[in-house]
Asks: 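This is the structure I want to talk about, given as structure tokens.
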Amino acid sequence: MRTSALPVPAQPRLTAAAIGRAATLALHDELSLSPKPGLVTLTDRGSHEDMDAHTFMRSLFSLRRYFAQIAEAGFGGAGFAVLERCGIAAEARMLAATGGVNTHRGAIFMLGLLCAAAGATLSEGGGALHPDRLRDALRRHWGDALAERSRRPPTLPGGIAARRHGLRSASEEAALAFPVLFETALPALTTGVARGLTLREARVDTLFRVMAVLDDSNLAHRGGLAGLHHARNAARGFLDRGGIARPEGLREAQAIADDFVARRLSPGGAADTLAAACWIVRVCPGA
Ligand SMILES: CC(C)(COP(=O)(O)OP(=O)(O)OC[C@H]1O[C@@H](n2cnc3c(N)ncnc32)[C@H](O[C@H]2O[C@H](COP(=O)(O)OP(=O)(O)OP(=O)(O)O)[C@@H](O)[C@H]2O)[C@@H]1O)[C@@H](O)C(=O)NCCC(=O)NCCS
Ligand SMILES: Nc1ncnc2[nH]cnc12
């Protein structure tokens, strides 16, 4: 599917290509952030033996057209089946680029849906993108299909772990129009910057705020409920003590990262949710 400039009267700049570019940049915002407990950064493979920054960059490159394509599909009023085929094809390209390692499966799903919602919103006119309009578009266009999708028996490690432990999986989170993204991550990021944190500080605090509340199926897959609760408690304690913006903040965040590596914990779902919040800030002027 060729991406082209969308006829967007209200925001001439915002095209499917621009929406897609913002998604790629947001995934790099997440990858390049440090410290990030258990997660891969540009200099640290975290709790992962099978992937590092190069793996993620190869994965990012393999997705360079996907996000614009799915935004175009959303603009064209595509049904969920079309989006799903687009996502599954992207997953195959990701796995080919990473040698079979799952780097961005969750991001392909979550950011893919958000880019499709952005395309659908722009097709309806009405001026600049806004987080509320994105969430509304997700519900109106694909809410029923996502609810049905979330009831399918899980086949992936995360979804299986989520089902086993009674957690809200990624597809269940999507069926609810990403409550943790819109109600926790995005407000944390925007208020962090508004109160004078640097972008890095605001992103680190946002990651911890998401870790404190998200049913991250990667944590449950790797460490069971005990692992998920340990990660949540560590995040809550860090934030209760003032988060990153204090003299010992960076050192404490690094100590938590070392603890997660020792326990092989990796909050991949929180990483994707952070990336999605970075993407919303990039495409929604008034976010
Ligand atoms: C719809 C799918 C996401 C699968 O459905 P399911 O509900 O089973 O999803 P989960 O398994 O729960 O989560 C899938 C990935 O989503 C991220 N994630 C986890 N929890 C959440 C959450 N609560 N909210 C949002 N997102 C969440 C997470 O992805 C990231 O972590 C992965 C890397 O970590 P790692 O520990 O290495 O993972 P593994 O390799 O599995 O472990 P090891 O082998 O290393 O030990 C990486 O994927 C990150 O992105 C979850 O992994 C979806 O898969 C699907 O069906 N896709 C096809 C359709 C599609 O894409 N459509 C697009 C538009 S509709
Ligand atoms: N930086 C990262 N490290 C590990 N898993 C991830 N999933 C998404 N981003 C990730």
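All values below come from the heavy atoms of this structure, side chains included, with hydrogens, waters and symmetry mates left out. All ligand and atom numbering here is 1-based and tracks the order in the structure. Residue numbers run from 1 in the order of the sequence given.
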Asks: If we set the cut-off at 4.0 Å for heavy atoms, which region of Ala162 has an atom near ligand 1: side chain, backbone, both, or neither?
Replies: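 Within the 4.0 Å criterion, Ala162 makes no contact with ligand 1.
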
Asks: Looking at Arg135 and Glu183, does any basic side-chain N land under 4.0 Å from a carboxylate oxygen?
Replies: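 A salt bridge links Arg135 with Glu183.
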
Asks: Can you pull out the closest protein heavy atom to atom 8 (O) of ligand 1? Residue, atom name and distance to 0.1 Å, please.
Replies: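 Looking only at protein heavy atoms, the one closest to atom 8 (O) of ligand 1 is Gly159 CA, 3.2 Å.
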
Asks: Is it true that Arg200 and Asp29 have a side-chain N and a carboxylate O under 4.0 angstrom from each other?
Replies: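 Result for this pair is no, no salt bridge flagged.
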
Asks: Among all protein heavy atoms, pick the one closest to atom 46 (O) of ligand 1 and tell me residue, atom and distance.
Replies: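 Looking only at protein heavy atoms, the one closest to atom 46 (O) of ligand 1 is His221 NE2, 3.4 Å.
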
Asks: What are the atoms of ligand 2, with element, lying closer than 4.0 Å to any heavy atom of Ala271?
Replies: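 Numbered from 1, ligand 2 contributes 8 (C), 9 (N), 10 (C).
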
Asks: Give yes or no for whether the N/O distance cutoff of 3.5 Å, strictly under, is met between Glu173 and ligand 1.
Replies: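 For ligand 1, there is no N or O atom that lies under 3.5 Å from one belonging to Glu173.
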
Asks: For the residue pair His230 / Asp259, report whether a side-chain donor-acceptor contact shorter than 3.5 Å exists.
Replies: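 Yes.
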
Asks: Should the proximity of Phe80 to ligand 1, defined as any heavy atom under 4.0 Å, be assigned to the side chain, the backbone, both, or neither?
Replies: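 Phe80 to ligand 1: side-chain contact only, backbone stays beyond 4.0 Å.
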
Asks: Name the closest protein heavy atom to atom 37 (O) of ligand 1, giving the residue it belongs to and the distance to 0.1 Å.
Replies: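 Protein heavy atom at minimum distance: His48 CE1, 3.2 Å.
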
Asks: Just go through Gly158, Gly269, Pro154 and tell me whose heavy atom is the nearest to atom 18 (N) of ligand 1.
Replies: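 Nearest option to atom 18 (N) of ligand 1, by heavy atoms: Gly269.
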
Asks: For atom 57 (N) of ligand 1, what's the nearest protein heavy atom and its distance?
Replies: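 Here the closest protein heavy atom is Glu91 OE2, 2.7 Å.
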
Asks: Any atoms of ligand 2 less than 4.0 Å from a non-hydrogen atom of Asp272? List them with their elements.
Replies: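 Result: 8 (C).
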
Asks: Looking only at N/O atoms, are Ser266 and ligand 1 under 3.5 Å apart anywhere?
Replies: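 Between Ser266 and ligand 1, no N or O pair is found under 3.5 Å apart.
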
Asks: Could you tell me if Arg246 sits above the aromatic ring of Phe238, with its cationic atom closer than 6.0 Å to the ring centre and no more than 45 degrees from the axis?
Replies: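 Satisfied, under 6.0 Å and within 45°.
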
Asks: Which residue and non-hydrogen atom of the protein lie closest to atom 45 (O) of ligand 1, and at what distance in Å?
Replies: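 Checking every protein heavy atom, the shortest distance to atom 45 (O) of ligand 1 gives Arg222 NH2, 3.0 Å.
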
Asks: Note the single closest protein heavy atom to atom 6 (P) of ligand 1, along with its residue, its atom name and the distance in Å.
Replies: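 For atom 6 (P) of ligand 1, the nearest protein heavy atom is Ser171 OG, 3.7 Å.
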
Asks: Check whether any heavy atom of Tyr66 sits under 4.0 Å from an atom of ligand 1.
Replies: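 For ligand 1, residue contact (heavy atoms, under 4.0 Å) with Tyr66 is present.
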
Asks: Can you tell which part of Leu214 has a heavy atom less than 4.0 Å from ligand 1: side chain, backbone, both or neither?
Replies: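 Leu214 to ligand 1: side-chain contact only, backbone stays beyond 4.0 Å.
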
Asks: Salt bridge check: are Arg264 and Glu49 linked by an N-O gap of less than 4.0 Å?
Replies: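 Glu49 and Arg264: salt-bridged.
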
Asks: Counting heavy atoms only, name the option from Asn218, Thr273, Leu156 that's nearest to atom 35 (P) of ligand 1.
Replies: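 When every heavy atom of Asn218, Thr273, Leu156 is considered, Asn218 comes closest to atom 35 (P) of ligand 1.
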
Asks: Which option wins on minimum heavy-atom distance to atom 15 (C) of ligand 1: Pro179, Gly106, Ser169, Ala220?
Replies: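 Residue with the shortest heavy-atom distance to the ligand atom: Gly106.
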
Asks: Given Arg149, Arg264, Glu84, identify the one with the heavy atom nearest to atom 56 (O) of ligand 1.
Replies: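 The nearest heavy atom belongs to Arg149.
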
Asks: For ligand 1, does Ile70 get within less than 4.0 Å through its side chain, its backbone, both, or neither, judged by non-hydrogen atoms?
Replies: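 The answer is the side chain of Ile70.
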
Asks: Minimum distance, heavy atoms only, to atom 20 (N) of ligand 1: which one of Ala270, Ser217, Pro157, Gly268 is it?
Replies: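 When every heavy atom of Ala270, Ser217, Pro157, Gly268 is considered, Ser217 comes closest to atom 20 (N) of ligand 1.
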
Asks: Taking heavy atoms and a distance under 4.0 Å, where does Asn102 meet ligand 1: side chain, backbone, both or neither?
Replies: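 The answer is both, backbone and side chain.
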
Asks: Looking only at heavy atoms, is any part of Arg105 under 4.0 Å from ligand 1, and if so is it the side chain, the backbone, or both, or is it neither?
Replies: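 Both backbone and side chain of Arg105 come within 4.0 Å of ligand 1.
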
Asks: Around atom 29 (O) of ligand 1, find the nearest protein heavy atom and jot down its residue, atom name and distance.
Replies: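 The protein heavy atom lying closest is Asp272 OD2, 3.1 Å.
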
Asks: Give the residue, atom name and distance (to 0.1 Å) of the protein heavy atom nearest atom 14 (C) of ligand 1.
Replies: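 Going atom by atom, the protein heavy atom closest to atom 14 (C) of ligand 1 ends up being Ala170 CB, 4.0 Å.
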
Asks: Just going by heavy-atom distances, which of Phe178, Phe109, Phe56 is nearest to atom 3 (C) of ligand 1?
Replies: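 The nearest heavy atom belongs to Phe109.
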
Asks: Does Asp144 come within less than 4.0 Å of Arg149, counting only side-chain N to carboxylate O?
Replies: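 The answer is no: the pair does not qualify as a salt bridge.
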
Asks: Hey, does Thr103 sit under 4.0 Å from ligand 2 if you only count heavy atoms?
Replies: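 Distance cut 4.0 Å: Thr103 passes for ligand 2.
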
Asks: Are side-chain N/O atoms of Ser59 and Thr103 paired as donor and acceptor at under 3.5 Å?
Replies: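 Side-chain D/A pair, Ser59 to Thr103: present.
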
Asks: Looking at ligand 2, is there an atom of it that comes within less than 4.0 Å of some heavy atom belonging to His104?
Replies: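 In this structure, His104 fails to qualify as a contact of ligand 2 - no heavy atom is under 4.0 Å.
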
Asks: Does Phe61 have Arg64 sitting over its ring (NZ/CZ under 6.0 Å from centre, angle to axis within 45°)?
Replies: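 Yes, a cation-pi geometry.
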
Asks: Whether the Asp44 and Thr41 side chains hold a donor-acceptor pair (N or O, under 3.5 Å, no angle test) is what I'd like checked.
Replies: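 Checked: Asp44/Thr41 side chains show no N/O donor-acceptor pair below 3.5 Å.
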
Asks: One thing to verify: whether Glu30 and Lys36 come together as a salt bridge, which I'm taking to mean a side-chain N less than 4.0 angstrom from a carboxylate O.
Replies: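 Yes, Lys36 and Glu30 are salt-bridged.
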
Asks: Can we say Asp205 and Arg209 salt-bridge, meaning some charged N sits less than 4.0 Å from an Asp/Glu carboxylate O?
Replies: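 No.
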
Asks: Is the closest heavy atom of Met51 to ligand 1 under 4.0 Å?
Replies: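 It does; at least one heavy atom falls under 4.0 Å.
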
Asks: Pull out every atom of ligand 2 sitting under 4.0 Å from any heavy atom of Met51, numbered as shown with elements.
Replies: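 Contacts of ligand 2 toward Met51, numbered from 1: 4 (C), 5 (N).
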
